[in-house]
Amino acid sequence: MGKLFLVPTPIGNLQDITFRAVTVLKEVDLILAEDTRTSGKLLQHYDINTQMHSHHMHNEHRTTESLINKLKAGATLALISDAGTPAISDPGFLLTRACVENNIEVECLPGATAFVPALVNSGLPNDRFVFEGFLPVKKGRQTRLELLAEETRTMVFYESPHKLLKTLNQFVEYFGAERPVSVSRELTKLYEETIRGTATEVLDYYTNKPPKGEIVIVVGGKK
């Protein structure tokens, strides 16, 4: 049997990768990358010459069986996403589940992920929290927001810049104008910022300053 390594990659700053991750990526037989062009820049930076194959949300259902066969034949594979830890709102779950079902060893390395620094620097309680990832785009969105309005734990969301104002408006509507919110943008990058305040205050800020880049929203739970 081979082995699958889940390897976190930097979410912005290329220095945010572990020595161990670089070693694994150099030593495995094959790297499965969400976007080989994006990952190619990282591999080039660290002089990693391991062969890459594409593994993303549009082909993972088709390729999982063949990858399991490679692993059964003794191959070692590393799975990486464009940024952060695989399977956190990125491809990775299907292959990991298939490995578990086939008694193939899976090892997940520790490393970069966007929601942890956003949660920690929000100033909101982080002893108990719930990670929601991306809210449903259409179907089920209202139902989800109504349910989360009663959540007492701190909540963490991912959002795209062009949908941030819509989401913040809905937080005001469903959670209340005074609910504490922290928005972290472009974490680890040159223009990193975190804006904290009430839902209304943060909404006003980004209404006047359209956001760019990757976004994590942290929302205080109901008291």
Side-chain angles (χ1 to χ4, degrees), residues 1-120 126-136 153 155-158 187-188 214 216:
M1 283 288 192
K3 184 175 181 179
L4 174 67
F5 292 90
L6 304 175
V7 182
T9 54
I11 60 175
N13 192 318
L14 290 182
Q15 296 182 63
D16 292 335
I17 191 168
T18 66
F19 293 123
R20 182 179 168 209
V22 172
T23 298
V24 168
L25 293 177
K26 286 183 176 181
E27 293 181 349
V28 293
D29 298 313
L30 179 67
I31 296 173
L32 307 174
E34 187 177 4
D35 187 325
T36 55
R37 294 166 299 179
T38 299
S39 297
K41 298 174 185 176
L42 176 69
L43 301 192
Q44 183 178 19
H45 183 81
Y46 285 102
D47 194 27
I48 299 169
N49 299 309
T50 308
Q51 183 182 6
M52 281 191 294
H53 282 180
S54 294
H55 185 78
H56 46 74
M57 62 181 294
H58 302 296
N59 74 354
E60 59 181 338
H61 288 86
R62 300 194 308 273
T63 60
T64 294
E65 184 177 354
S66 64
L67 293 173
I68 290 296
N69 289 335
K70 287 180 184 294
L71 288 159
K72 285 182 176 180
T76 55
L77 309 182
L79 175 64
I80 60 177
S81 63
D82 288 347
T85 301
I88 303 295
S89 295
D90 280 321
F93 166 69
L94 291 180
L95 182 57
T96 301
R97 181 178 63 181
C99 285
V100 172
E101 290 172 346
N102 285 274
N103 296 315
I104 297 169
E105 186 177 0
V106 178
E107 184 171 343
C108 184
L109 277 61
T113 189
F115 81 81
V116 174
L119 172 63
V120 172
N126 54 37
D127 55 331
R128 296 172 66 247
F129 65 92
V130 55
F131 175 72
E132 284 293 318
F134 290 95
L135 284 166
R153 295 170 291 182
M155 297 169 279
V156 183
F157 303 87
Y158 285 165
L187 286 166
T188 79
E214 301 296 323
V216 184

More than 12 heavy atoms of other groups within 6.0 Å of Glu60 CD: yes
His61 and Leu94, any side-chain heavy atoms less than 4.5 Å apart: yes
Flag if over 12 foreign heavy atoms under 6.0 Å of CD, Gln44: no
More than 12 heavy atoms of other groups within 6.0 Å of Lys70 NZ: no
Tyr158 and Val216: CA distance, side-chain angles, deciding distance, side chain to side chain contact (heavy atoms under 4.5 Å, CB included) verdict: CA-CA 5 Å; Tyr158 285 165; Val216 184; 3.7 Å; yes
Donor-acceptor contact below 3.5 Å, side chain Thr9 vs main chain Ser81: yes
Interatomic distance, Asn49 atom CG to Leu43 atom CG [nearest 0.5 angstrom]: 8.5 Å
Test item: Ile31 and Val7 side chains (from C-beta on) under 4.5 Å apart, heavy atoms: no
Test side chain to side chain contact (heavy atoms under 4.5 Å, CB included) applied to Met1 and Lys72, step by step: CA-CA 5 Å; Met1 283 288 192; Lys72 285 182 176 180; 4.1 Å; yes
Value rounded to 0.5 Å, distance of CG in Asp90 from CD in Glu34: 4.5 Å
Minimum side-chain heavy-atom gap Glu214-Ile11 below 4.5 Å: no
Side-chain heavy atoms of Ser54 within contact of Asn59, under 4.5 Å: yes
Full working for side chain to side chain contact (heavy atoms under 4.5 Å, CB included) between Cys99 and Leu71: CA-CA 8 Å; Cys99 285; Leu71 288 159; 3.6 Å; yes
Worked check of side chain to side chain contact (heavy atoms under 4.5 Å, CB included) between Leu67 and Leu4: CA-CA 10 Å; Leu67 293 173; Leu4 174 67; over 6 Å; no
Any side-chain heavy-atom pair of Leu32 and Leu95 under 4.5 Å: yes
Crowding at CZ, Phe129 (>12 non-hydrogen neighbours, <6.0 Å): no
